[in-house]
Amino acid sequence: MFQPFQGTPNYPELEQSILKLWDEGHTFDALREKNRDGEPWRFQDGPITANNRMGVHHAWGRTYKDIFNRYHAMRGRRLRWQNGFDCQGLWVEVEVEKALGFKGKPDILAFGLENFSRACRERVEKFAGVISEQSKRLGQWMDWERSYYTFDDSNIEHIWGFLKKCHEEGWLAQDYRVMPWCPRCETSLSQHESADSYKEITHRSVYVKLPIQENGATENGKRFSGDSFLVWTTTPWTLTANVAVALNPELTYVRARTDDGVMILSKGTVATALKPGYEVLGEVPGRELVGLQYSGPFDDLPLQQESQSKTPRRAVAWEDVGETEGTGIVHIAPGCGAEDFELGKREGLGFIVPVTQSAHFVTDAGFLVGKHALDDVETIFDGLRQRDRLYRVQKYAHSYPHCWRCSHELIFNAVQEWFIRADAGERPARQRLRKAAREVEWIPEYAGKRMDDWLANMGDWCISRKRFWGLPLPFYLDEAMGEIVVIGSRAELRERAVDPAKFDALPELHRPWIDDTELRSHDGQRTLKRVPEVGDAWLDAGIVPFSTVGYNGATDLRMPPESGSIDLDYQAKLPEDSRQETLTFSGIGRGEQRTVDAVQQITSSPLFEPLLLREGNLFLKISAGDDLNIGEVQEIVWPIREASGVDEVNLYWGLAFNQDLQDEIQVAVSTQLSGLREWQPADFITEMREQVRLWFFSMLFMSVALEDRAPYKRAMVYETMLDENGERISKTKGNGVPYDEAVAQIGADPMRWTFCGNPLNKDIRFGYGPIHESARKLITLWNVYSFFVTYANLDKPNLSESIVNRHSSFVNPLDRWILARLQRLVGEVSGALENIEPSNITRGVEKFVGDLSTWYVRRSRRRFWKGENDNDKTAAYQTLHHVLLTLCKLIAPVIPFTAEAMYQNLKAPLPNAPQSVHLCDWPQVDESLRDDELIVEVEGVLQCVSLGHAARKESGVKVRQPLSRVLVQAPSPAMRAAIENWRDTVLDELNVKDLELLDDAGELVTYSLKANLPKLGKKLGPKMGAVRQAFENASPEDARRIGEAAKQGEAFTLQVGDEAIDFAADEVLVQTQQQSGYSFASENGWAVALDTTLNDDLIDEGLKNDFVRAVQNARKEAGFEVSDRIAILLAPGEESRLPHVFEKFGDTIQAETLADELRLVPADYPELMQVKIGDESIGLRVEKSV
RNA sequence: GGGCUCAUAGCUCAGCUGGUUAGAGCGCCACACUGAUAAUGUGGAGGUCCCUGGUUCGAGUCCAGGUGGGCCCA
């Protein structure tokens, strides 16, 4: 009937076999087919960088994605199942450089951009494949063949459209910013990249004197003439770019006489900055120094000239200047430091960039031309000496950023980059973004606060990178006109291209190829080149909500040079569910002027030609008649594009054309819009927390720019993965768990269970320990399953009927209880999935499985191994079968392999069961099976039994030894009834003959009272304390009077201090306690006591139990099957009580041990084993019956 | 400097709108069971709920301040 299952599962083996099963059964395809017409569940996958193999932290996120996708699929929702790969940007370049052994840009250029781009593409394609395989192994279901790739031309073109829109909004700008820069790699690093790369290093810092000039704008000029500002820096090369000094107007400065003249520096730094032998002449408030002019360190260098003529060197005020190091006067070089740059902006200082990308001094650096900023520091010192500017050189140890790739020291350099302004234009982005973000449901909520904080404080978005493998920014500078031309689509690029043929020959929209396409300026006079920069990779990821639904319309068009035709696989670029798989577009047409860029034809319809592409927007040109011209079509189509809403589509039907063609045209047009309508905004996205300001942000930005709304409705974030000791995982420490190893050794499901169980707002501590712990937790479930399978195979019960149809006949309260409990679980798990509380799934299931194992199965065991197949036994089987099947469905989203493995076996008796658990419908709560009272009742029974066990332990009498009587006092009438209902269970569980419920109305009862705080608190206020005391300290008489009144539901009065207060019955909690000679185990109003007096009958029965246990042990040791029949041979001692026991219980013993024979043998009989029964030792042997 | 967040048993975590003696699982110790047995059950030990102050009849829970950890921004 069922495949036998014993022991513990080997997950890796099991999972491989399930993968094979899914593969061969085309289970995933079947699921999609099943949900074909379902309501969409819009999950938007965030692209994983296809850069390297994936790690366990990726598996974490992918587990979440898979859980919710599978759940909604079981709910019948239709999904896109589209995985995404992030394919461009510095991260890819870096890995390729590493693989090729490159040190930086020069190596790349030597290698050739074409080769480099090809290498990048190859790496991405390779690892996309690897990651797909790894993900499949995790059990993640996606349509791997249809993953999106951000390096696709379509993706790129959609970003172009967005950038053009930004330009139209007036947001696009070119500006300088100071970037960390690696001179060896000749690459700027984002802050993200330089964050963790600080190292201790010793520099030669330098104190420089800057003589104050008389010709100042201030009257003080004369006063300080001849004195010098003393400044200090650890980066001497930046002195060439000095444009100001900054000091704190709130600090006190001094004039100090030294061997090198009179210095001005802050009072607090005198001792450390000046060489011994100085003399302080007097103090000066900082504010009196502001505005003083001075001569800079290298005023004579050509690169200084222009700047100086504009802004004379002067002292500016800066509140951030401190005295902890230096001189309290800071040298300012806005071209070489981010803070300096900000200050420079504020003070209008301008800036100088003294070195090239390789840190060599620029051509107008005078004596320093060609020298290296860091290596030739001695030359700089010489220059200072020659100009009498050097006061002192001192070694200085500090923490300084280094390139994380090559470990070279970084420098900071102002470079020109492209920005999207947050606050520019008539409809600035910032407030629109914040508004859109507020519409999103953030999980946990703080993710929304974080997003809002980011949006409120973010600077302009720097979208350019001076790199190679990335989105080519479609910006073309027309310097003569002072114009930026932003290209929004390939059609537009082709239209403006100097040589469209060259454009048509482009293999892909990447460098270096794209750089060859040059534009005509508007007046046709000049040729425009693309800016060399590529885009921020977050543009690539941010556009996917649009690019994956074909927002721009036909995106895969390629223009034939003049005429002829080209076939396009249009379907591949459309959303999965579009209904036009059969349509192929081809052909070319030409319109007048520049309104018509391309005309395509539906090949199967020679009657009209149409579908026109312009600026990335699809619309129709009807050529079947001349009654329409382009302009008219435009008018109709614009609103469709603008609103992308359903209603506007109808406008299209205002066009008059051949009735026969309507359907085809409708299909073609609606696709473009339906993708957006159907799949946007996303119902759900999830990534780790840092993505709030990265991917979530870039998607939001792009969507707000294009559609003025958030592209997702619910966004879930999770925290950081740490190792199991709570340490940050790092490659150098090697404390991470390798995904491939973990999945091969322990399996995916234990990992998935671990991930799912982690609270969203907590970092996960992950390692082999936690995975094993999860595996252990799941063992309980496997045990129950194994128990069921084992006994069902013996009994072959009828399981073909659905229990739900006949549950009314299930009279055994255990069955009713576990089914009620199951309904509650279904509600809990469904709620957890709907409300996106994944950890509540595992919590709920674990608790349930505990109840199932420790109470239902344990209490039902005897029902399963009774001899005959009666109704109760069948009911037990059917109940457990149903519970396990339902449980499989509930855990299917989280641990799909385990669920499938169990389901495959359990479904055997059900002829119409779906072929996979993942094709089952999600369980619904069956209202008729709910029974909350029963659940509460059983909770009480469990507590009572637990106390009974405690009492037994107290008494020191084993459970095997029957006792005559247990006394139980229940805390409430309901609980009394519960015990009454479950009397037999309690008796059996505690192995006692009789249960007596103590009557709490009896004389022997004492009452104790407690105030019902929630009820009384509000009513009494400050008197609460006294009343509480009064209840607890009530005299026995009062307590009895009140207790009995309350029991009857009558009001009563209690004297509290001077006051007699009236109370309602439910304002007091009454507990009663039996006074008697027994010792209780008691808790929460329960009291349980055991009568431990033994008589001969009880002792005999105890011996019988002992004997049966010994026989069962012997059976097991002999390796007999559970169903084998045996003969028992035994040799009791002379004085043994056992023969007497056999007389009394022989039949029972034989029945319980499946013994056909019970034979006494002499003590010297061969191969007897000695066992202990009660206090005596006897010889025992079991043999298989013939 | 600003924002977010966390702090409860050895570990991982529950603890709903304040309410009576703060819970679970794992681990540990002890015991039991022996027809789920490389299982199972029961019990026990183990807590100043980070600190201080406030609100309140009553605070793990609410408020303020602080300490410590994490993340982000500057």
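Order of the sequence lines sets the chain letters (A, B, ...), proteins ahead of strands, with each chain counted from 1.
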Of all the nucleotides listed (C72(B), C13(B), G27(B)), which has the minimum atom distance to the side chain of R843(A)?
-> C13(B)

Span that lies between the C1' atom of G15(B) and that of C4(B), in whole angstrom | 23 Å

Identify whether any heavy atom of V692(A) sits under 4.0 Å from a base atom; if not, whether one sits that close to sugar-phosphate; answer base, sugar-phosphate or nothing.
-> nothing

Just checking, is any N or O donor in the side chain of Y785(A) or N905(A) under 3.5 Å from an acceptor N or O on the other one?
-> yes

Check every strand shown and say whether N758(A) touches a base, only sugar-phosphate, or nothing at a heavy-atom separation below 4.0 Å.
-> sugar-phosphate

What distance, rounded to whole Å, do you find between the two C1' atoms, one in U67(B) and one in G23(B)?
-> 27 Å

Which part of the nucleic acid, if any, lies within contact of P759(A), taking any heavy atom under 4.0 Å across all strands shown: a base, the sugar-phosphate backbone alone, or nothing?
-> sugar-phosphate

Do the ring centers of F5(A) and W782(A) come within less than 6.0 Å of each other?
-> yes

Picking from U20(B), G41(B), A36(B), which would you name as closest to the side chain of T854(A)?
-> G41(B)

If we take the P atom in both A45(B) and G2(B), what is their distance in whole Å?
-> 47 Å

Counting heavy atoms from C-beta on, name the nucleotide in G25(B), U40(B), A36(B) closest to the side chain of V857(A).
-> A36(B)

Could you tell me whether S853(A) contacts a base, only the sugar-phosphate backbone, or nothing, with contacts defined as non-hydrogen atoms closer than 4.0 Å?
-> base

Should the heavy atoms of other residues, nucleotides or ligands under 6.0 Å from CD of E445(A) be counted, would the total exceed 12?
-> no

If the P atom of U48(B) is compared with that of A22(B), how far apart are they to the nearest Å?
-> 13 Å

So, E846(A) and W753(A): side-chain donor and acceptor under 3.5 Å apart, yes or no?
-> yes

Dot-bracket, RNA chain B: Watson-Crick or G-U, under 3.5 angstrom, [ ] crossing, | other strand?
-> (((((((..((((.....[...)))).(((((.......))))).....(((((..]....)))))))))))).

If you measure from the Lys or Arg side-chain nitrogens to the Asp or Glu carboxylate oxygens, is any gap between E719(A) and R689(A) under 4.0 Å?
-> yes

If you measure from the P atom in C62(B) to the same atom in G69(B), how many Å do you get, rounded?
-> 23 Å

Contact class for W454(A) (heavy atom, under 4.0 Å): base, sugar-phosphate, or nothing?
-> sugar-phosphate

Upstream residue (5' side of RNA chain B) when D1106(A) and F787(A) are each assigned their closest nucleotide | D1106(A)

Between U20(B), U37(B), C26(B), which one does the side chain of S786(A) approach most closely?
-> U37(B)

Got a salt bridge between R177(A) and D460(A), using NZ or NE/NH1/NH2 to carboxylate O under 4.0 Å?
-> no

Write down the distance separating the C1' atoms in G18(B) and A59(B), rounded off to the nearest Å.
-> 6 Å

Could you measure between the two C1' atoms, the one in A24(B) and the one in G46(B), and give it in whole Å?
-> 15 Å

Contact class for L1069(A) vs. all strands (heavy atom < 4.0 Å): base, sugar-phosphate, or nothing?
-> base

Does OP1 or OP2 of G25(B) have a side-chain N or O of R776(A) closer than 4.0 Å?
-> no

So which nucleotide from G25(B), G19(B), G43(B) ends up closest to the side chain of S946(A)?
-> G43(B)

Whole-angstrom distance between C51(B) and A7(B), as gauged at atom P | 13 Å

So does R858(A) pair up with E989(A), basic N to acidic O under 4.0 Å?
-> yes

Salt-bridge present (D932(A), R824(A); N to O < 4.0 Å) = yes

Answer with base, sugar-phosphate or nothing: what part of the nucleic acid does N783(A) contact at a heavy-atom distance below 4.0 Å?
-> base

Do W60(A) and N758(A) get their side chains close enough for a donor-acceptor pair, meaning under 3.5 Å?
-> no

Which letter, B, S or -, goes with each nucleotide of nucleotides 1-9 of chain B from 5' to 3', with contact meaning a protein heavy atom under 4.0 Å?
-> -BBBSS---

Going by atom types only, do D795(A) and Y877(A) share a side-chain donor-acceptor pair under 3.5 Å?
-> yes

